[in-house]
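To start, the structure under review is shown below, and the notes come after it.
What you see below is based on every heavy atom in this structure, not just the backbone, and it leaves out hydrogens, waters and symmetry mates. Quantities reported herein were computed from a predicted structural model and do not represent experimental measurements. Here is the naming used below: chain letters follow the sequence lines, and residue numbers restart at 1 for every chain.
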Number of protein chains: 2
Amino acid sequence: MPTPHYGQPRYRAIAAELRDRIENGAIRPGTLLPAESALIAEFRASRGTIRQAIAVLREARFVVTEHGRGSIASLRPHEIGPEKDSEPDAKHRETVADPELATLFGIEAGTVVIERQNVIRRNGAVEKVVRIYRPLQAGT
Amino acid sequence: MPTPHYGQPRYRAIAAELRDRIENGAIRPGTLLPAESALIAEFRASRGTIRQAIAVLREARFVVTEHGRGSIASLRPHEIGPEKDSEPDAKHRETVADPELATLFGIEAGTVVIERQNVIRRNGAVEKVVRIYRPLQAGT
DNA sequence: AGAAATTTGTCCGTATGTATC
DNA sequence: AGATACATACGGACAAATTTC
């Protein structure tokens, strides 16, 4: 893969993408951003580039980075929604595609996919866990 | 000492070595791999390199890693289910529980669980993949 | 019950070599 | 030549989960 950075540099494009996710709630304030390693996999960027992107967000106060913990999306006054779910039976998240999913979706392993997980209980005990995977691609 | 990565990078060579040990039984399925610190000493590699090697194994489902515990050798991927030439839309197979599934089911990570996978297609393309996990005992 | 040790997770800073624009 | 980016690798420090004492 060459290194085309037509227009703005890559780290700025990644920073913009992450900022959008924070603003539109995909990454909720107070929660951790994906780890550097996860962002490397998702954007297929080198560590240096990812760190540059996060540096931009930190500079703009969109995130606060804690050594050994991660980068936390900043709380926005108008978006403070504690929503303390103790343990939801369903949740959304992003993970990376394992080789099989990658093959099925026709993407490369390591690409980020959306995972929805539902926990089905029966008499209190967990009977089964359903995980639904979808490609992330659409219009980003 | 510079950083010569002529040919195969170190982390891949280490991953290959560890995979061999799992395959030939030197590290038996269900047991823990040596700790990162031990691997660092053995291969004289940095922690980052060791962790990259283990990430390769995890990606290929050769191990399941648990925070604070270690990486558990899994059943070999090619022994887990029947080999397929083509991809059916639904299939049963056995996999190993990742830490989250283990917690939900109240079993230990690395334990074998039943996985049923359904592939939902739409106009030929794979729209989503549904995976349903159940413990071994129940449901039979 | 609690403290310490172990182990993995994450971030920080740096370095070398390669490739592209 | 310089700026950008990638892949690899090192070492250090702090955080968090688990195990051991």
| field | NZ/NE/NH1/NH2 to OD/OE distance under 4.0 Å, B:Arg12 and B:Glu59 | value |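 Judged by the 4.0 Å cut-off on N to carboxylate O distance, B:Arg12 and B:Glu59 do not form a salt bridge.
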| With a 3.5 Å cut-off and just heavy-atom distances, do the side chain of A:His67 and the base of C:dC11 make a donor-acceptor pair? | yes
Can you tell me how far [atom2] of [N] sits from [atom1] of [X], to the nearest Å?
X: B:Glu108; N: D:dT19; atom1: CD; atom2: C1'; answer: 13 Å
X: A:Glu36; N: D:dA15; atom1: CD; atom2: P; answer: 16 Å
X: A:Arg44; N: D:dT4; atom1: CZ; atom2: C1'; answer: 20 Å
X: A:Ile72; N: D:dA15; atom1: CD1; atom2: P; answer: 11 Å
X: A:Ile50; N: D:dT4; atom1: CD1; atom2: P; answer: 16 Å
X: B:Arg10; N: D:dA7; atom1: CZ; atom2: P; answer: 20 Å
X: A:Gln52; N: C:dC12; atom1: CD; atom2: P; answer: 13 Å
X: B:Gln8; N: D:dA9; atom1: CD; atom2: C1'; answer: 15 Å

At under 4.0 Å, does any side-chain N or O of [X] touch on OP1 or OP2 of [N]?
X: A:Arg51; N: C:dC12; result: yes
X: A:Tyr11; N: D:dA5; result: no
X: A:Ser46; N: D:dT8; result: no
X: A:Thr49; N: D:dA5; result: no

| said: Using a 3.5 Å distance criterion without hydrogens, assess whether the side chain of A:Thr49 forms a donor-acceptor pair with backbone atoms of A:Ala45. | reply: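 No; judged by distance alone, with no hydrogens or angles, the pair does not exist.
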| said: Main chain of A:Ala53, side chain of A:Arg10: is a donor-acceptor contact present, judged purely on distance under 3.5 Å? | reply: no
| query | Taking the side chain of B:Ala35 as heavy atoms from C-beta outward, which of C:dC11, D:dC10, C:dT8 is closest to it? | reply |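 When the side chain of B:Ala35 is considered, C:dT8 is the closest of C:dC11, D:dC10, C:dT8.
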| request: Look at the side chain of B:Thr65 and decide which nucleotide, out of D:dA5, C:dG9, C:dC11, has an atom nearest to it. | output: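 Within the option list, the nearest is C:dG9.
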| field | Geometric cation-pi criterion, A:Arg131 with B:Tyr133: 6.0 Å, 45° | value |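 Satisfied, under 6.0 Å and within 45°.
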| request: Report which part of the nucleic acid B:Gly48 touches: base, sugar-phosphate, or nothing (heavy-atom distance under 4.0 Å, all strands). | output: nothing
| said: Using a heavy-atom cut-off of 4.0 Å across all strands, would you classify A:Arg58 as base, sugar-phosphate, or nothing? | reply: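 The answer is sugar-phosphate, as A:Arg58 gets under 4.0 Å only of primed atoms, P, OP1 or OP2.
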| query | Pick the nucleotide of DNA chain D nearest each of B:Thr103 and B:Arg12; which residue has the one closer to the 5' end? | reply |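 On the 5' side of the pair lies B:Arg12.
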| query | How do B:Arg47 and A:Arg69 order along DNA chain D: which one's closest nucleotide is nearer the 5' end? | reply |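 The answer here is B:Arg47.
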| request: Output, in order, the C-alpha distance, side-chain angles, deciding distance and verdict of side chain to side chain contact (heavy atoms under 4.5 Å, CB included) for A:Leu39 and A:Ile54. | output: CA-CA 10 Å; A:Leu39 295 175; A:Ile54 292 181; 3.9 Å; yes
